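One structure below.
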Protein chains: 2
Amino acid sequence: MPNTNLAAAPIRMPTGFDVRRECRSARFDGPTAGLAPGYVQGNLAILPRDWADDFLRFCQANPKPCPLLGVSEAGIPALPALGASLDVRTDLPRYRVWEHGKLITSPSDVMSVWRHDLVSFVIGCSFSFEEALLQNDIPLRHIARGCNVAMYRTSIPTRSAGRFHGPLVVSMRPLKPADVIRAIQVTTRLPSVHGAPVHIGFPEAIGIKDLGKPDYGDAVPIEAGELPVFWACGVTPQAAIAAAKPPFAITHAPGCMLVTDLKNNHLSLF
Amino acid sequence: MPNTNLAAAPIRMPTGFDVRRECRSARFDGPTAGLAPGYVQGNLAILPRDWADDFLRFCQANPKPCPLLGVSEAGIPALPALGASLDVRTDLPRYRVWEHGKLITSPSDVMSVWRHDLVSFVIGCSFSFEEALLQNDIPLRHIARGCNVAMYRTSIPTRSAGRFHGPLVVSMRPLKPADVIRAIQVTTRLPSVHGAPVHIGFPEAIGIKDLGKPDYGDAVPIEAGELPVFWACGVTPQAAIAAAKPPFAITHAPGCMLVTDLKNNHLSLF
């Protein structure tokens, strides 16, 4: 976290606006987990207009892995519903630029590759529901261990839309039974950030052979008396884009999310 | 079901009022499961005034096993909030009369033993949430098999109140993981009829040694890929009364509930 003011704010916690400003001025280019507590962070996917319609339908058809928080006009880098003066070209810490499914660069802004046919999609992220779980005193092992959440490709197919298809990717958190019940209640209230779990208890029933070998992120142990709980994961749309190999795409770099002006507490259905 | 009109209504389904009228006129004295679909059924407990205060505090302290739908004035057999012209002395199919914890008689009305110091308690019943689960196409094995739900005394203590204390009694339903998630959502909305489950998955963690040997009701098999799901059960207050051995008490006979004018769908929190 070189040359950043984010951790040093003497009076108030940083807001989503603060994080975006630090990213835009290139004073911050690291992971956003834990920054701007209370603010919604989102996955970013940017596609050319002639791929965007299929992707929008893919998200609509698969709302649990792909809950849309915002979609831009073509060529317009603003998303006013998600943030004041937000510019998706500069306001994330780091990006990935893809051509035909191949990673080309990982720049800290995408001004030089911006095009007037690009549509930006912001998709809800598990950081929001993890904040709600922690506020309910439900311990999350990957956070306690300081590692990434364990993610797995499942045998559950997404609903395809045009050129986009692929397996549902899930994240797994081991929880005690009483915490499973409370976690289902808490995340049910949050459909715009993946909502309720998709499975509990039997990894093999959803095509996961070995919980110790996640397809993404880090393995965490499951202790006696705990159940593995599986949520739909925002890596699902990333994997669908990688498989579809559009000629051009931009995504956030892993862990380097768009921090919005929305508040996590305001996402709750009730 | 001798000499009853309840099953023969040619035009409309029987209401709670219909069932109570048939009970009062002694044309019906059987189990109420499945009668008056959509109407709330309740457990009945009647105690002398000098025991009623402790029992009210016991219910207040243990709302998951003892969700109170109504409490009468002492000596008054009506519960106007639960039913038009309801009379708890005649409107259930069958009763149990207890003295010092010992079962004395099982009459079809309690007119001859009524006293002017008796307080009636009506406690929510799992029939209401089972109806909601079935409406959500969640299969319930004990219903499919035509037997009683399996119930177990746990190692979880209730909160004691005066002379009332004892273990939490739970009912168990085996469900597939996706149905577990949906069942938690559905029953969370229904706190007045036991609400969300209290445990999932590990019977031994709550003091149940053998699911094949329930303490009340009938065992049902758990199939591969299913989890046992445990709800707080209305047998808990019955067991607490049996243990406290008040000099006089009246309860409903097993399965012979009070059918009210309340609608199950109206119990839902949201």
Side-chain angles (χ1 to χ4, degrees), chain A residues 62-65 129 132-133 136 138 152 154-157 168 170-191 193-209 211 222-233 268-270, chain B residues 62-65 129 132-133 136 138 152 154-157 168 170-191 194-209 211 222-233 267-270:
Chain A
N62 298 284
K64 291 204 88 163
F129 78 70
L133 295 175
N136 279 270
I138 296 173
Y152 306 87
T154 70
S155 56
I156 304 169
L168 176 69
V170 295
S171 58
M172 188 282 291
R173 293 161 187 81
L175 298 176
K176 293 190 199 308
D179 289 337
V180 175
I181 294 166
R182 185 65 186 147
I184 290 171
Q185 294 175 326
V186 168
T187 57
T188 291
R189 294 195 305 228
L190 296 167
V193 287
H194 304 306
V198 296
H199 187 78
I200 307 171
F202 302 101
E204 65 283 5
I206 56 171
I208 300 171
K209 292 195 182 75
L211 285 179
I222 299 183
E223 296 181 358
E226 292 181 334
L227 292 163
V229 186
F230 299 89
W231 276 270
C233 176
S268 185
L269 272 190
F270 49 86
Chain B
N62 297 284
K64 293 203 86 162
F129 78 69
L133 295 176
N136 279 271
I138 296 173
Y152 306 87
T154 70
S155 57
I156 304 169
L168 176 70
V170 296
S171 58
M172 187 283 290
R173 293 161 187 81
L175 298 176
K176 293 189 199 309
D179 290 337
V180 175
I181 294 165
R182 185 65 186 146
I184 290 171
Q185 294 174 326
V186 168
T187 58
T188 292
R189 295 194 304 228
L190 297 166
H194 303 308
V198 295
H199 187 78
I200 307 171
F202 302 101
E204 65 283 3
I206 57 172
I208 300 171
K209 292 196 182 73
L211 285 180
I222 299 181
E223 295 181 356
E226 292 181 336
L227 292 163
V229 186
F230 300 89
W231 275 268
C233 176
L267 295 182
S268 186
L269 272 190
F270 48 87

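Quick note on labels: first sequence line is chain A, next is B, and so on, each numbered from 1. Just so you know, these numbers come straight off a predicted model, no measurement behind them.
Rounded to the nearest 0.5 angstrom, Ile200(A) CD1 and Ile200(B) CD1 are separated by 5.0 Å.
The most heavy-atom pairs under 4.5 Å with chain B, out of Val198(A), Ile181(A), Ile184(A), Val180(A), come from Ile181(A).
Counting all heavy atoms, side chain and backbone alike, Phe202(A) lies closest to Pro177(B) at CD1-CG, 3.6 Å.
Contact annotation for Val229(B): neither backbone nor side-chain heavy atoms come within less than 4.5 Å of a heavy atom of chain A.
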Chain A against chain B: donor-acceptor pairs under 3.5 Å:
unit_1    : atom_1 : unit_2    : atom_2 : d
Gln185(B) : NE2    : Thr188(A) : OG1    : 2.8
Thr188(B) : OG1    : Gln185(A) : NE2    : 2.8

